[in-house]
Amino acid sequence: MLDKTYDPADIEPRLYEGWEKSGAFKAGRNAGGEPFTIVIPPPNVTGSLHMGHALNNTLQDILCRFERMRGRDVLWQPGTDHAGIATQMVVERQLAQSGENVSRRELGREEFVRRIWAWKEVSGGTITRQLRRLGASCDWSRERFTMDDGLSAAVRRVFVTLYKEGLIYKDKRLVNWDPHFLTAISDLEVESRETKGKMWHIRYPVEDSEESIVVATTRPETMLGDSGVAVHPDDERYTNLVGKSVILPLTGRRIPIVADNYSDPEKGTGAVKITPAHDFNDFEVGKRHDLEQIAVLDVHAHIVDADFIPAAYRGLDRFEARKKIVGDLEAQGFLVEIKDHVLMQPYGDRSGVVIEPMLTDQWYVDAATLAKPAIAAVEQGDTSFVPKNWDKTYFEWMRNIQPWCVSRQLWWGHQIPAWYGPDGHVFVEETAEAAQAAATAHYGQETALTRDEDVLDTWFSSALWPFSTLGWPEETDVLKRRYKTDVLVTGFDIIFFWVARMMMMGLHFMKEVPFHTVYIHALVRDEKGQKMSKSKGNVIDPLDLIDRFGADALRFTLAAMAAQGRDIKLATQRVEGYRNFATKLWNAARFCEMNECRLAPGFAPAAAGHTINRWVLGEAERVTAAVVDALETYRFNEAAGAVYQFVWGTFCDWYLELIKPLLNGEDEAVKAETRATAAHVLDRILVLLHPFMPFITEELWRKMAEGAAVTRETDLVLAPWPVADAGLADPAADAEVGWVIGLVTEIRALRAEANVPAGARLDLVLVAADADVRARVGTHGDLISRLARLESIAFADAAPKGSVQLVVAGTTAALALGDVIDLAAERKRLEKEIGKAEQDLAKIEAKLANPAFTAKAPPEVIEEQQERREAALQTRGKLSDALARLIASL
RNA sequence: GGGCGCGUAGCUCAGUGGGAGAGCACUACGUUGACAUCGUAGGGGUCGCUGGUUCAAUCCCAGCCGCGCCCA
């Protein structure tokens with residue numbers, strides 16, 4: 001006997017462990033099936049499960065479980081990435097707090113990296129453990145890590161190949177420099193934040209002239225590195241100055257005034273100082289006019305100790321330098337004006353410090369070249385986005401892609417396979433030995449080499465994930481069988497990180513796209529629509545929800561809310577609601593169990609005879625088809641909605657109620673058929689619901705088999721998905737059961753409205769019933785009585801005096817209320833009903849009276865309207881009769 | 001400034017060229033041994049505004065207003 005309530009905490013961990021141990025999630029288990037492959041977007045090894053992960057992985061799991069049941073050979077490839085900066089940060093912090101009080105530099109590279117690995121062994125499995133709690137059916141036996149030997153080999157192969165193809169090169173360009181971590185970071189790790197700042201107007205005297213030009217800047221300290229002043233070529237205020245020079249205050253350097261479109265006459269003074277070594281725009285302007293690149297900040301963002309810098313500023317932090325420079329400019333009369341100014345300032349998303357554009361030597365990938373085939377692939381539809389319009393974002397980014405800086409000044413990551421000779425000549429090879437051999441050949445003798453200290457951007461290895469995890473560069477069978485993979489499921493904020501880079505690398509090295517579909521899901525926000533963030537304190541922890549409501553409830557909530565193209569505003573109440581849904585299902589199963597509804601051997605739905613059973617079997621097929629259709633097109637919310645409605649609204653609310661009299665009845669044949677049908681439909685529900693709520697369904701699947709004459713071939717996780725059989729639809733049964741439901745509903749409504757005590761049993765009289773109605777009452781009279789709390793059902797030509805009347809599907813039904821009836825209230829009710837019917841009728845008639853409508857509307861629409869008019873007329877007529885009789889009896 | 005998207009019941013959101021929906025919240029009443037994590041019933045919406053296309057617009061188109069996100 002099932003417990004009275006379902007306790008997820010008790011069941012979920014046990015079931016998951018069982019699935020994993022039994023190898024249910026293993027790829028290749030069903031080697032004959034068509035492969036279905038998803039690579040997980042690798043979470044950060046330092047991470048823990050947040051709501052975004054919960055959504056992302058729930059959707060992947062739904063697809064995987066669905067396809068696994070449909071007979072595909074599913075591989076959900078799990079793993080994590082090594083998250084260069086984040087991981088290094090964690091371990092550095094640990095070092096600082098451990099009492100050892102050593103920095104990583106004191107520790108040395110080798111020892112520091114060893115410590116990181118040690119940390120990873122102990123703490124790196126957090127998120128994968130949490131994914132298990134969510135129920136994710138990953139093939140853990142194939143778990144990968146971007147720093148694994150195999151994946152590292154892939155990284156080296158890719159780097160060397162691209163280098164030899166000229167698609168990776170070393171260059172001196174401006175990068176986003178993080179002065180806290182002392183490394184370059186990517187554009188995508190930079191967050192622009194609106195900051196209140198100032199706009200300083202500074203007068204630069206023109207050489208050999210009384211004139212001067214006023215420039216406006218938000219960063220006065222960089223004037224130490226100015227190498228020009230730009231004005232717009234059409235700006236008449238300055239035309240006469242172009243070609244002349246100014247003398248830079250404080251340093252006395254002489255720099256040219258140039259004409260360049262970059263300068264905006266509307267902004268500031270229309271004249272702008274150019275610091276090519278410290279600003280991305282200025283860098284471009286500088287290149288156009290051949291201006292000097294003068295670096296004035298060091299890696300810590302302190303003013304460099306150089307001859308051309310006045311001694312007073314050397315070594316100052318950039319913000320102190322600003323204060324001092326502004327003060328000195330003012331003292332010397334060069335400061336014209338200070339205005340408040342709101343600017344977008346770049347911050348490192350991990351360090352939180354202001355990012356400094358810095359001129360450094362870095363390794364770059366020629367992303368523009370790699371992007372071309374990646375753009376074409378989406379244009380041709382080799383890969384498509386769902387929802388489709390995300391391709392615009394992809395195209396936009398890909399078509400404006402910049403060289404990708406892939407080197408990082410970190411110790412944790414794939415060290416760049418480049419070695420330098422004494423003269424700085426570089427040898428890029430997969431191994432030290434190969435590099436040495438190349439050097440020997442180059443120099444004509446053994447020559448000592450030093451390896452490049454830097455490591456690669458974490459995303460460089462993530463970009464290879466769809467093929468490196470399958471074994472590349474080895475030509476493994478798995479790789480051949482499973483590349484390209486099927487679908488990448490990810491959030492839109494990650495299109496640039498994963499999708500774009502996986503596309504570029506996949507196409508270049510595999511000559512084929514990495515996945516045919518990219519499903520982009522929404523962001524999970526809090527219930528007010530705010531992005532969840534630690535600083536706002538509005539984070540909802542998915543693990544907390546799992547503890548409170550169960551993983552099934554959380555998963556179902558996320559799926560039900562995952563409508564395409566809309567963010568999810570998550571309210572805890574919703575999760576609670578779906579927990580209630582799980583309980584509802586549990587109790588329905590409990591009812592079946594108590595009534596001995598067990599699977600019957602050889603049960604053939606098509607052979608079922610009883611109308612109610614035929615009806616529910618048809619509905620079960622309908623919902624099966626709806627779920628399949630929705631999941632095949634990634635409409636998770638529709639699939640979830642369809643099952644929910646069927647389970648609660650159809651199976652529990654009506655079917656189980658309708659069969660109670662049958663189960664308690666005398667007809668053993670009907671009883672047996674009904675039990676088998678109920679069990680069959682419950683079974684179907686468990687299957688349909690399993691991708692969404694794997695735990696409770698598996699538990700019930702096993703429980704329901706106890707005592708049944710049918711033995712389960714497999715656990716539910718591997719059970720075959722049913723093929724929907726449209727042939728089971730039975731319109732006659734639908735009409736009949738629909739009539740019963742309608743009658744019961746109307747009587748209940750009337751009772752409530754007329755304030756009939758809930759316990760009172762009423763006498764029902766059906767007025768002028770035709771043969772159909774009489775037959776239906778003959779079949780279903782008992783259950784109508786039961787569901788509508790009737791004492792008796794009788795037939796008559798006219799409604800008895802003092803009864804209230806209602807019209808259901810063309811039949812007038814009269815309820816004898818005796819003394820209970822409140823005639824005035826009843827009259828009001830009837831008048832209201834008639835009013836409604838008339839309103840309805842008026843709309844329909846207006847439409848039908850319009851000649852343009854009858855001339856142009858499709859026939860089926862016209863016919864439908866005519867039918868609706870008939871029905872409305874009939875209802876109005878009968879209601880009017882009822883009212884007339886009521887008035888007569890007053 | 002460029003791009004994407006959103007304004008539907010008190011709240012959170014589905015939805016559709018032809019009868020406005022769900023969940024939650026709210027109100028009333030609770031019976032019938034699956035379920036009070038429940039049942040039955042009820043109230044509640046000029047589908048942001050203005051035009052246009054159409055026989056017909058909440059849905060398609062244009063403009064406007066309000067809001068959000070991404071990029072510069």
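Each chain gets a letter, A, B and so on, in the order the sequences are listed, and its residues count up from 1.
Secondary structure note: stems in RNA chain B built from 3 or more consecutive Watson-Crick or G-U wobble pairs under 3.5 Å occupy B:1-7 with B:65-71, B:10-13 with B:21-24, B:26-30 with B:38-42, B:48-52 with B:60-64.
rG33(B) adopts a syn glycosidic conformation, its chi angle falling within 90° of 0.
Atom C1' of nucleotide rU31(B) and atom CG of Leu762(A) are separated by 13 Å, given to the nearest angstrom. In this entry the distance linking CD of Gln839(A) with C1' of rG19(B) reads 13 Å, nearest Å. Atom-to-atom, CZ of Arg786(A) to P of rU32(B) comes out at 11 Å; the value is rounded to the nearest Å. Atom C1' of nucleotide rA72(B) and atom CZ of Phe280(A) are separated by 14 Å, given to the nearest angstrom. Summarising the geometry, the separation between CH2 on Trp397(A) and P on rA72(B) is reported as 11 Å, rounded to the nearest angstrom. Distance, Asn850(A) CG to rG18(B) P: 17 Å, rounded to whole Å. If you measure from atom CZ of Phe581(A) to atom P of rA22(B), you get 17 Å, rounded to the nearest angstrom.
Nucleotides rC70(B) and rG10(B) are separated by 30 Å at their P atoms, to the nearest Å.
Taking the six-membered ring wherever Trp is involved, the centroid distance between the rings of Phe636(A) and Tyr519(A) falls below 6.0 Å.
Remark: the backbone N or O of Arg598(A) is not paired with any side-chain donor or acceptor of Arg675(A) at under 3.5 angstrom. Distance alone, capped at 3.5 Å, is enough to place a donor-acceptor pair between the Asp552(A) side chain and the Ile696(A) backbone.
One finds a side-chain N or O of Asn389(A) lying less than 4.0 angstrom from the OP1 or OP2 phosphate oxygen of rG5(B). A close approach under 4.0 Å does not occur between any side-chain nitrogen or oxygen of Arg579(A) and OP1 or OP2 of rU37(B). Note on Lys836(A): every side-chain N or O is 4.0 Å or more away from OP1 and OP2 of rG19(B).
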Exercise for review: List the steps, then state whether ring pair (Phe, Tyr, Trp, His ring centres under 6.0 Å) holds for Tyr578(A) with Phe549(A).
Suggested key: CA-CA 9 Å; Tyr578(A) 290 117; Phe549(A) 304 113; over 10 Å; no

Nucleotide N/O of nucleotides 23-25 of chain B paired with protein N/O under 3.5 Å:
residue : atom : partner   : partner atom : Å
rC24(B) : O2'  : Gln573(A) : OE1          : 2.8
rC24(B) : O2'  : Gln573(A) : NE2          : 3.1

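With hydrogens and angles left out, the side chain of Gln865(A) and the base of rA56(B) share no donor-acceptor pair within 3.5 Å.
Comparing Glu576(A) and Lys660(A) by the nucleotide of RNA chain B that holds the closest heavy atom to each, the one mapping nearer the 5' end is Lys660(A).
Counting heavy atoms of neighbouring residues, nucleotides and ligands inside a 6.0 Å radius, atom CD of Glu191(A) exceeds 12 of them.
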